[in-house]
Amino acid sequence: MGHLVPNPNAQADGRTTTELGAVLPKTAEVRTSRLFVGGVDLVELARDQGTALYVMDVEHIKHQLTSYKEAFDLDITVAYAGKAFLNKAMVRILAEEGCYLDVSGGGELAIALAAGFDPAHVIVHGNNKTVQELTEAIEAGVGLIVVDCLEEIERISRIATERGIEQPVLLRIKPGVVADTHDYIVTGAEDSKFGFGITDGMAEQAVRTALENPGLKLKGLHIHLGSQIFSIRPYAEALGVLAAFAELMHTTYQCAPEILDLGGGLGIAYQASDEPATIAEYGRLITQHVTEAFGNVGAPEPTIIVEPGRSIVANAGVTLYTVGAIKDLKGIRCYVAIDGGMTDNIRPALYDARYEAVIANKANQARDTLVTLAGKHCESGDMIAVDASIQTPEVGDIVAVLGTGAYNATMSSNYNAQVRPAVVFVEQGAATVVQRRETYEDLLRRDLG
Ligand code: LLP
């Protein structure tokens with residue numbers, strides 16, 4: 001994994017907190033020596049709530065949702081991908097902002113319904129949805145189910161006809177386009193467990209099967225190219241492939257897609273040096289290529305859905321930890337041990353993901369010390385940031401790790417029987433605990449002895 005290779009030549013970047021730009025939440029500011037987000041002093045918040053602690057900037061989340069709504073010169077629906085970060089408070093923001101929600105599986109659907117979200121605005125994903133999950137979705141009245149395999153078409157047909165329902169569906173297509181990102185999160189290539197290939201004839205077979213079976217209404221197509229994508233050209237390529245397939249659907253089966261769901265995937269800045277495409281650039285590219293590619297299909301232009309996850313919430317989030325121990329191994333590296341780790345952020349261990357960090361109580365000082373932030377769990381690979389530049393650390397400091405709003409809480413675990421952190425929303429000077437910290441009782445709840 002390379003985490004423990006000594007790197008005495010690495011240089012601290014010396015940047016100040018505010019020079020971290022797009023990695024920080026929109027409302028982040030340094031007041032005297034402290035980092036504030038949403039008008040809330042993160043050092044005091046850590047004292048009040050304890051650490052590890054997930055903090056989310058509500059204004060940032062709303063800003064990102066609005067940027068998506070405004071980026072397209074098209075009829076567009078923004079369906080936030082719940083797998084990135086989900087709880088009832090997040091669902092309520094989506095409802096207020098007029099957004100849809102993409103759920104992967106029955107658990108995420110249950111959270112949406114518990115928050116009172118309109119099921120007609122839910123899109124259900126999963127490459128092997130169980131009969132129970134499909135039944136729950138159809139009975140709830142979800143807006144769309146994205147079909148991933150032929151077996152599912154028959155299952156939906158049976159469940160829906162038994163209940164006298166006609167369930168709107170999309171077919172998930174593999175456009176055969178490879179996006180440049182981590183291998184674990186590429187999904188649009190031919191060799192993928194997700195969706196139907198075009199070149200192997202599976203997509204056409206899925207269209208035929210969907211049209212033959214009662215109880216479902218084929219509304220269109222879905223793609224998802226992958227995640228943390230920096231270069232957005234592959235979306236244009238995929239639109240060309242989709243338009244050609246739409247033409248075949250139109251001419252051969254008289255069922256041109258009314259809806260095109262382009263999935264999520266836009267990358268974000270985890271490091272100060274990262275320069276992902278912007279939401280506005282993504283919107284412009286898609287607007288231009290939908291119009292170009294579908295101009296010749298001979299059917300009305302489809303309406304577009306996008307399913308961003310990471311780009312809505314990642315930079316809204318920071319995780320607060322307390323420094324408990326410092327081991328300065330001379331000539332090797334300086335380990336700064338924090339009171340969390342791979343249980344609240346698995347991404348460094350899983351994807352070699354890199355994070356920026358600042359000391360929230362020394363936020364006005366230069367980040368001129370090179371350290372490795374080590375988690376508290378029983379794994380050598382339990383590192384949150386290797387060779388990271390931070391202010392000079394001391395035991396008791398509050399470390400804020402940045403860009404942790406996506407795929408951290410939702411991928412958290414109870415390894416070492418660690419209790420999961422609370423989630424706090426901050427906005428206009430107020431902090432609201434929207435998910436409490438787990439307790440030992442929570443850990444024992446399912447244990448029947
Ligand atoms: N739509 C579908 C069908 C998806 O599978 C995903 C993510 C999204 C939308 C949202 O993609 P985003 O905008 O967040 O890139 N755990 C990994 C990411 C896995 C993404 C899975 N699918 C990570 O931590 O990087």
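Atoms within a ligand are numbered from 1 in the order they appear, just like the ligands themselves.
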**Heavy-atom gap Gly265 to ligand 1 smaller than 4.0 Å** = yes
**Message:** The test is side chain to side chain contact (heavy atoms under 4.5 Å, CB included); show your working for Ser412 and Tyr54 and say whether it passes.
**Reply:** CA-CA 11 Å; Ser412 62; Tyr54 294 122; 3.8 Å; yes
**Prompt:** With only distance considered, is His125 within less than 3.5 Å of ligand 1 through an N or O on each side?
**Reply:** no
**Message:** With a 4.0 Å cut-off on heavy atoms, is Ser311 in contact with ligand 1?
**Reply:** no
**Prompt:** With atoms numbered from 1 as shown, which atoms in ligand 1 lie under 4.0 angstrom from a non-hydrogen atom of Ala81?
**Reply:** 8 (C), 9 (C), 10 (C)
**Message:** At under 4.0 Å between heavy atoms, is it the side chain or the backbone of Pro308 that contacts ligand 1, or both, or neither?
**Reply:** backbone
**Pick from Met411, Lys83, Glu307: the one approaching atom 4 (C) of ligand 1 most closely through a non-hydrogen atom** = Lys83
**Request:** Consider every N or O of Gly263 and every N or O of ligand 1, then say whether any pair is closer than 3.5 Å.
**Result:** no
**Request:** Measure from atom 7 (C) of ligand 1 to every heavy atom in His224, Gln228, Arg310 and give the option owning the shortest one.
**Result:** His224
**Asked** With ring centroids as reference points, do His125 and His224 lie under 6.0 angstrom apart?
**Response** no
**Request:** Compute the shortest N/O to N/O distance between Arg172 and ligand 1 and return yes if it is under 3.5 Å, no if not.
**Result:** no
**Message:** Can you check which of Phe85, Tyr407, Tyr351, Tyr270 brings a heavy atom nearest to atom 20 (C) of ligand 1?
**Reply:** Tyr407
